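Below: the structure, in structure tokens.
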Amino acid sequence: MNTNSDYPKRICSTTGFPICRSAEFFVKANAVLGVVFLLIGGIAAILIALTRWQAVHLLPVDWFYRILTLHGINMLIFWILFFEVAILYFVSTTLLKVRLASRLTAWISLVMMFVGAVMVDVTILLGKADVMLSSYLPLLAHPAFYLGIILVAVGTLIAVGNYFATLYIAKKEKTYEGSVPLVVFGATAAAIIAVVTLLHGAVVMVPTFLYSLHLCPQPDPQWYRLLWWGLGHMSQQVNVCAMVAVWYLLAAITTGAKPLNEAVCRSAFVLYILFINLASAHHLLVDPGVSAGWKIWNTSYAMYLAVLASMMHGFTVPASVEVAMRGKGYVRGLFGWLTNAPWRNPGFSAFFLSLLIFGFIGGITGVTLGTQQINIIAHNTLRIPGHFHATVVGGTTLAFMGLTYYVVPLLWRREYILKPLCRLQPYLFGIGILIMSFGMSFAGSMGVSRRSWDIDAGGSIYGPTAHLFLALVGIGGTVAFIALFLYVGLTVGTLLFGRRIAAGKSMEDWGTPKVLSTSPGHDHVAPAPGFAGGATVAEAHPTQGTMVLAVIFLLSFAVYYFANWKALADVWPVR
Amino acid sequence: MNQESSSGLECPKPGWFQAPSGNERTWIGMAVIWCLILSVMMPYWHFRGKQNSTGEAYRVKPADFVKRVEAFVKVNTGEESLVEDGIAPVVPAPPGEVYLLAKQFFWFPVLKLRSGETYRLHISSADVQHGFSLLPMNMNFQIVPGYDHVLTIKPQAPGTYHIVCNEFCGIGHQQMVGKIIVE
Ligand code: HEM
Ligand SMILES: [Cu+2]
């Protein structure tokens with residue numbers, strides 16, 4: 001290690017990693033702001049969920065559309081971007097043992113993002129931007145709305161630049177040897193995609209902003225759709241990348257997992273970078289003026305190479321947990337490693353539920369709905385929110401929540417309050433999102449449109465079953481909201497009232513698997529308390545349990561996929 | 001899966017670049033095959049399947065499209081007895097060009113089509129974007145102003161079908177419901 005690292009830092013007494021003081025401040029600031037926007041988005045969520053449940057029908061019509069706009073933007077853009085910036089600063093400085101490149105830049109980015117976000121929220125709440133998250137032209141919002149989004153996008157871009165500069169310093173000062181750790185590699189993949197994404201955002205938002213000021217002619221609405229989804233969809237891949245990096249991180253600290261094969265994991269991240277930029281297309285599958293050949297090539301992300309990448313991570317992450325657990329002596333049967341996993345540890349349960357929900361629900365529905373022709377029976381129905389609440393909410397958001405249960409004790413040096421509730425929270429959130437996503441997907445299959453205040457406004461077109469599924473949206477949404485509120489409350493409560501962790505002491509263990517004394521020949525690498533150590537693996541451990549899970553996954557995928565082709569074959573012929 | 005491995009938090013040991021082995025290798029093989037099946041399904045359906053979105057569309061000024069719809073309605077309006085809800089259903093002769101206008105917050109006109117015949121349905125918008133959602137089949141297409149989106153469709157069974165707008169188009173969006181009658 002390099003000795004030339006005399007920046008203000010402290011050594012984390014739990015992990016032994018050096019924590020850069022200036023990075024620490026910006027990690028905290030960005031994470032806290034992220035959680036504030038999550039709360040705003042969450043309050044909006046419960047209001048719209050209880051409006052779509054038609055038996056309750058809470059909001060009046062204009063406020064429904066307004067609050068829906070608020071929800072989409074605060075959740076998908078503000079919460080996720082602020083938290084991702086926190087993750088970038090955190091993993092780069094901590095894992096590479098380096099200082100943050102520039103405090104000034106971090107300040108500029110933070111202020112721009114915050115000012116932009118406040119501008120957007122105020123404009124929406126004043127009723128000047130009832131245009132939804134996608135703000136499709138020719139619908140037009142107040143210029144402040146576009147300017148706010150541009151500020152957030154540029155602010156984020158600056159933060160990403162700061163991240164790359166930090167990587168550069170680490171490389172130059174040789175604070176690490178060889179290749180960067182896998183988690184940093186994943187975060188870097190996310191950062192690269194973020195740059196491409198945000199540039200798309202600039203290309204589409206700047207002319208739209210100028211148009212809203214009458215300074216240039218109206219951009220073509222179809223052009224807008226293409227470019228907007230270059231921003232809108234690719235940013236989802238930033239989320240996927242960041243989420244997968246967090247999976248590897250949480251798997252390592254809660255069970256001591258080590259990636260089976262670094263080359264596989266890294267190649268999978270590279271596939272994301274290379275092929276994700278095509279994903280804009282699958283929002284345009286039933287659009288005019290876009291040819292079938294173009295749609296087929298692009299939606300498959302060039303032959304589904306990005307899907308392949310997710311399937312690689314989807315195997316290797318649980319398999320690495322399996323190997324780690326077996327290495328600690330949990331070798332019974334196919335699933336002894338899984339049943340003995342630290343399910344009471346919210347870092348682990350959030351991570352593993354995120355993996356399951358993202359893979360089994362989000363992934364399968366996403367690939368199916370994004371199939372060129374199948375999209376005909378899905379586009380703009382509630383099936384779409386049903387899908388993405390399983391990816392970006394049950395997947396990304398839940399993983400980020402799990403990470404928080406470690407970041408708060410490590411950075412703020414306070415123990416979580418009301419721990420039993422913390423242990424419950426990931427389950428409650430996961431179950432709520434599952435119920436809601438299920439309700440949305442089935443209502444959507446019956447043709448219920450997304451973004452609609454009242455499905456009976458034009459007469460009763462839908463039967464009682466559709467209403468039943470909308471009730472599930474309301475009920476699942478309420479459960480998820482309670483869990484979200486719990487998460488925010490517990491975290492904020494901890495920042496204010498949590499028991500301080502004395503200097504030199506490590507955080508309390510949330511529950512990590514102990515090495516069984518019956519595990520022969522495996523000498524245990526002593527971990528810092530609170531963190532799961534890896535077992536030195538003397539021989540290869542089997543991954544049969546994961547293989548069985550993976551095969552079940554593939555079968556479910558095939559059933560759902562072909563059932564949708566069958567459903568498509570039953571509708572009117574159309575070309 | 002060897003002694004050298006390090007967790008995702010540490011730098012990998014030298015020599016980490018290795019081909020996958022064991023179950024991981026088998027799984028990647030299975031995933032590749034599945035992705036190939038996924039890729040082949042779309043071109044296969046394009047040639048052999050009956051439901052495709054080819055994106056056939058022509059540039060048109062919204063005002064011009066409105067004129068085309070009006071001319072089409074004038075030529076094809078049915079008898080007085082068919083008037084329903086104050087709107088005359090249009091009975092175009094198959095096989096033919098049929099026009100449908102999306103406008104905040106209605107669909108115009110009510111079309112009357114024959115089952116089993118093929119129509120070229122031109123849809124466009126007079127103002128903002130809309131979504132064409134034909135129920136109860138749940139067939140959905142995007143309608144963008146400036147683009148005459150042509151769907152070549154073949155109704156399969158008599159009945160009354162609803163067209164729900166499923167792209168947010170303003171505060172009256174939820175009221176935007178039209179009709180296609182098939183006999
Ligand atoms: C308590 C948790 C949540 C609940 C109850 C909830 C509920 C809902 C509901 C009911 C809708 C409206 C669907 C429609 O009518 O079209 C919606 C839309 C949406 N939600 Fe959530 N949601 C939650 C969390 C999240 C999170 C964490 C994110 C992102 C990270 C998110 C992203 C979105 C987006 C992007 C939309 C679409 C907005 C639009 O159509 O413009 N949601 N959500
Ligand atoms: Cu409309």
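Values below: every heavy atom of this structure, side chains too, minus hydrogens, waters and symmetry copies. Each chain gets a letter, A, B and so on, in the order its sequence line appears, and its residues count up from 1. Since this is a predicted model, take the numbers as computed values, not measurements.
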Locate the shortest heavy-atom distance separating B:W45 from A:A569; write the atom from each residue and the value. CH2-CB, 3.9 Å
Counting only non-hydrogen atoms closer than 4.5 Å, does A:L140 touch chain B with its backbone (N, CA, C, O), its side chain (CB onward), both, or neither? neither
Strictly distance-based, threshold 3.5 Å: is any side-chain N or O of A:D454 a donor or acceptor partner for the main-chain N or O of B:Q174? no
Which atoms of A:R66 approach chain B - backbone, side chain, both or neither, heavy atom under 4.5 Å: neither
Any donor-acceptor N/O pair, A:W453 side chain to B:I171 backbone, under 3.5 Å: no
Report yes or no: do A:Q373 and B:N52 form a side-chain donor-acceptor pair below 3.5 Å? yes
Atom group of B:Y161 that falls short of 4.5 Å from chain A, counting heavy atoms: side chain
Closer than 4.0 angstrom, basic N to acidic O: yes or no for B:K50 and A:D570? no
Toward chain A, the part of B:P136 with a non-hydrogen atom under 4.5 Å: neither
Checked A:V571, A:V183, A:T381 vs chain B; the most non-hydrogen pairs under 4.5 Å come from A:V571
Is there side-chain contact between A:R450 and B:N166, with at least one heavy-atom pair below 4.5 Å? no
Go through the steps for B:E24 and A:T316 under the test side chain to side chain donor-acceptor pair (under 3.5 Å), then give the verdict. CA-CA 7 Å; B:E24 190 171 36; A:T316 189; 3.1 Å; yes
Quick check on the interface: out of A:F17, A:F64, A:Y248, A:Y136, who has the most heavy-atom pairs with chain B under 4.5 Å? A:Y136
Where B:V182 and A:W572 come nearest, the two heavy atoms and their spacing: CG2-CH2, 3.8 Å
What residue among A:L554, A:L308, A:V307 forms side-chain contact (heavy atoms from CB on, under 4.5 Å) with B:W34? A:L554
If we only count heavy atoms from C-beta on, is the A:N261 to B:P20 side-chain gap below 4.5 Å? yes
Between B:N138 and A:G444, is there a donor-acceptor pair closer than 3.5 Å when you use the side chain of the first and the backbone of the second? yes
Does the side chain of B:M30 reach to within under 4.5 Å of the side chain of A:M311, using non-hydrogen atoms? no
Output the option from B:G146, B:A31, B:P155 having the highest count of non-hydrogen pairs under 4.5 Å with chain A. B:P155
Can you say whether B:L121 sits under 4.5 Å from chain A via the side chain, the backbone, both, or neither, judging by heavy atoms? neither
Per-residue contact mode, A:Y462 against chain B (heavy atom under 4.5 angstrom): side chain
Do the side chains of A:R575 and B:Q51 get nearer than 4.5 Å, heavy atoms only? no
Are A:H379 and B:F141 close enough that some pair of their side-chain heavy atoms sits under 4.5 Å apart? no
Would you sort out whether B:I28 and A:F315 count as a side chain to side chain contact (heavy atoms under 4.5 Å, CB included), showing the intermediate values? CA-CA 9 Å; B:I28 294 174; A:F315 179 87; over 6 Å; no
Go through the atoms of A:A319 and report whether side chain, backbone, both or neither lie under 4.5 Å from a heavy atom of chain B. neither
Quick check for you: among B:Q129, B:K154, B:R120, which has the greatest number of heavy-atom pairs under 4.5 Å with chain A? B:Q129
Quick check: do A:P221 and B:P145 have side-chain heavy atoms less than 4.5 Å from each other? yes
Residue pair B:P12 / A:E262: nearest heavy atoms and the distance that separates them: CB-CD, 3.8 Å
Spacing of CD1 belonging to A:I253 relative to CG belonging to B:L9, to within rounding of 0.5 Å: 7.0 Å
Please flag which part of A:F553 lies under 4.5 Å from any non-hydrogen atom of chain B: side chain, backbone, both or neither. side chain
Just give me the residue among B:H162, B:Q175, B:M176 that pairs up with chain A most often, heavy atom to heavy atom, under 4.5 Å. B:H162
Looking at side-chain heavy atoms only, is the closest gap between A:L68 and B:F168 below 4.5 Å? no
Residue pair B:Q142, A:N380: steps toward the side chain to side chain contact (heavy atoms under 4.5 Å, CB included) verdict: CA-CA 9 Å; B:Q142 189 75 20; A:N380 271 353; 3.5 Å; yes
Of the backbone (N, CA, C, O) and the side chain (C-beta and beyond), which part of B:D148 lies under 4.5 Å from a heavy atom of chain A, both, or neither? neither
Out of A:D62, A:L139, A:T546, which one racks up the most heavy-atom pairs below 4.5 Å with chain B? A:L139
What verdict does the side chain to side chain donor-acceptor pair (under 3.5 Å) test give for B:N23 and A:Q544, after you've listed the backbone C-alpha separation in whole Å, the side-chain angles of each residue and the deciding distance to 0.1 Å? CA-CA 8 Å; B:N23 279 340; A:Q544 297 321 53; 2.6 Å; yes
Ranked by heavy-atom pairs below 4.5 Å to chain B, first place among A:G458, A:A567, A:P138 goes to A:P138
The interface call for B:V40 against chain A, heavy-atom contacts under 4.5 Å, is neither
Heavy-atom proximity to chain A below 4.5 Å, by part of B:V32: both
Could you check which of A:V367, A:V61, A:I455, A:I376 has the highest count of heavy-atom pairs closer than 4.5 Å to chain B? A:I376
4.5 Å side-chain heavy-atom contact, A:Y561 and B:L38: yes
Could you check which of A:I374, A:D456, A:L182 has the highest count of heavy-atom pairs closer than 4.5 Å to chain B? A:L182
